[in-house]
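Please read these numbers as outputs of a predicted model, since none were measured by experiment.
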Amino acid sequence: MESGPAIFAGVVFALFGAGLLAWTGIRLRRGEPVALGVNRVASATLASVAGTGALVLGMWCLTRV
């Protein structure tokens, strides 16, 4: 019964992290800014760290099932 929320949270975090990393990569490849009005390197770094963190957190939740 308790594994349902862990599976849901793990999938949500993993999908968000993977989506954010893919979106950031596509924006950088096209030469478009990741965030408007912010240094390109800083915004790409912060988005990559957040995406990786969410992906790791999702994998951690899924291993606790």
Side-chain angles (χ1 to χ4, degrees):
M1 189 73 175
E2 293 178 4
S3 64
I7 293 171
F8 178 75
V11 169
V12 168
F13 278 122
L15 286 175
F16 175 75
L20 184 60
L21 287 173
W23 179 79
T24 303
I26 290 169
R27 297 289 288 188
L28 289 175
R29 211 172 310 141
R30 290 181 178 176
E32 298 172 352
V34 176
L36 294 175
V38 182
N39 184 358
R40 184 175 175 183
V41 174
S43 62
T45 302
L46 184 61
S48 297
V49 168
T52 303
L55 194 58
V56 168
L57 185 59
M59 293 301 134
W60 180 78
C61 287
L62 290 174
T63 60
R64 297 293 175 192
V65 174

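Legend: residues meeting side-chain contact (heavy atoms from CB on, under 4.5 Å) with L28, ordered by chain and number and at least two apart, are T24, V34, R40, A44.
When all heavy atoms of C61 and G10 are compared, the closest pair comes out as CB-CA, 3.6 Å. Taking each heavy atom of A54 and F16 in turn, the nearest pair found is CB-CD2, 3.8 Å. Nearest heavy atom pair, residue S43 against residue V38, reads CB-CG1, 4.1 Å. In terms of heavy atoms, I7 sits closest to V65 at CG1-CG2, 3.6 Å.
At distances below 3.5 Å, not a single donor-acceptor pair connects side-chain atoms of R27 with backbone N or O atoms of E32.
Here the straight-line distance linking atom CG of L46 with atom CG of N39 works out to 11.5 Å at 0.5 Å rounding.
Side-chain heavy-atom separations under 4.5 angstrom define the hydrophobic clusters, and V49 shares its cluster with no other residue. Using a 4.5 Å cut-off between side-chain heavy atoms of Ile, Leu, Val, Met, Phe, Trp and Tyr, V56 forms no hydrophobic cluster with any other residue.
Hydrophobic clustering (side-chain heavy atoms under 4.5 Å, transitive across Ile, Leu, Val, Met, Phe, Trp, Tyr) keeps W60 apart from L62.
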